[in-house]
Amino acid sequence: MAENTYRPATLLVHQATDRDPATGASTVPIYQASTYHHDAGQPGEYDYARSGNPSRQQVEEAIALLEGGTHGFAYASGMAAIGSALALLKTGDHLIAPNDLYGGSWRYLSTILPERGVSTSFVDITDPQQIEDVITPQTRAIFLETPSNPLFNITDIRTVAQLAKDHGLITLLDNTFMTPLLQRPLELGIDVVIHSGTKFLGGHSDLMAGLVTTADPAVAKRLKQFQNAFGAVLSPFDSFLLSRGIKTLKLRLEAAQTSAHTLAQRLQAHPNIARVWYPGLTDFTSRRLHFSQASGAGAVLSFELKHQAKVAPLLKAVKLPIIAPSLGGVETILTHCWSMSHAAIPADTKLRLGIHDTLLRLSVGIEDVDDLWDDLERAL
Ligand SMILES: *Cc1c(COP(=O)(O)O)cnc(C)c1O
């Protein structure tokens, strides 16, 4: 059992449970069981697997420990986590969210939530005045994502958390891009932190998972109630994979981040590239703000090609990156934002947000950076 006074690398490896309490096995086994014996008719610690089981409990306690929360919840995907966290809102409530939200979240907030009677104002969330302007007596919550993607807009977490407190609003932050290793929103005043565990936490592009954590007991009680009632829970097997992935997060993310920095600089100097977005670059606009709330730039960058005609040949020529809509794996992932990660967003909205079809997102993996560069340079 890791104490929360340990440093991140130790917490990541040991998590909240570092061996099977029942047998002493070096990992918590995959408790592939749907229900648990009630001795003499009395429920024990576990009752029915949807309500809780040792495999899922391990990752739920891990995310709470890593983010500085008191309660953690694991779901079948990042979207299941977001949908379940937003079940804190009721019919008639109003939500404020970034206009450059992750595509899947945008789809949920703009199509499903309105049918449940929850409306959302999408604003430039980096501007506190725009948030203030849309607050009504029905507003209950602010949803944040920083850095946003693919254009890396940075929101001042402390400022928005304070603004929300002043108005009695709950704040939820999708911390998928940074992970608790680089950014710890609860310490900056955020109420609920959400992750797609599919990305850096899992880290191997071999599972889907979502996580939520909070240090607010009333919020935790509602999340627990909804998780049990709605049932979009993480399976024991995927819980095992996620816990295993989390153990190496520091090694993976730091290696990938170093390579991302190198590739961002080399791309920036390439004649076919119009622009590169990466918080680690010295000329990145919100660099100071980002590093006031995060300890690293992460392992994802975006770049824009000068000529649209070069996009298809590039996607055809690169050999190492998997070309796909995801990020955070040990392998490098190249995404054509227009047609993949942001496909759910209408064309005119994408253009208004500055997402052009010449824009590519690179989630840098842990391959040798010179092999990655040789491959990219050849394809460019
Ligand atoms: C991938 C992603 C999600 C959704 O997670 P899934 O596991 O794909 O459901 C949410 N937010 C961000 C920032 C993501 O990158």
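Heavy-atom basis, side chains included; hydrogens, waters and symmetry copies ignored. Whatever order the structure lists them in is the order used to number ligands and atoms, beginning at 1.
For Arg266 and Asp370, the salt-bridge test passes: some basic side-chain N is under 4.0 Å from an acidic carboxylate O.
Cluster annotation: Ile82 and Phe230 are assigned to distinct hydrophobic clusters (Ile/Leu/Val/Met/Phe/Trp/Tyr, side-chain heavy-atom contacts under 4.5 Å, transitive).
Ordered by chain and residue number, the residues placing a heavy atom less than 4.0 Å from ligand 1 are Ser77, Gly78, Met79, Ile82, Tyr102, Glu145, Asp174, Thr176, Phe177, Ser196, Thr198, Lys199, Met208, Ala209, Leu327.
A cation-pi arrangement is absent between Arg222 and Phe226, since the terminal nitrogen or guanidinium carbon is not both under 6.0 Å from the aromatic centre and inside a 45° cone about the axis.
Ring geometry for Tyr278 versus His261: interplanar angle over 60°, hence perpendicular rather than tilted (30 to 60°).
Two residues are said to be in side-chain contact when any heavy atoms from C-beta on lie closer than 4.5 Å; Arg184 and Val193 fail this criterion.
Note that CG of Leu305 and NE2 of His270 are 9.5 Å apart. Values are rounded to the nearest 0.5 Å.
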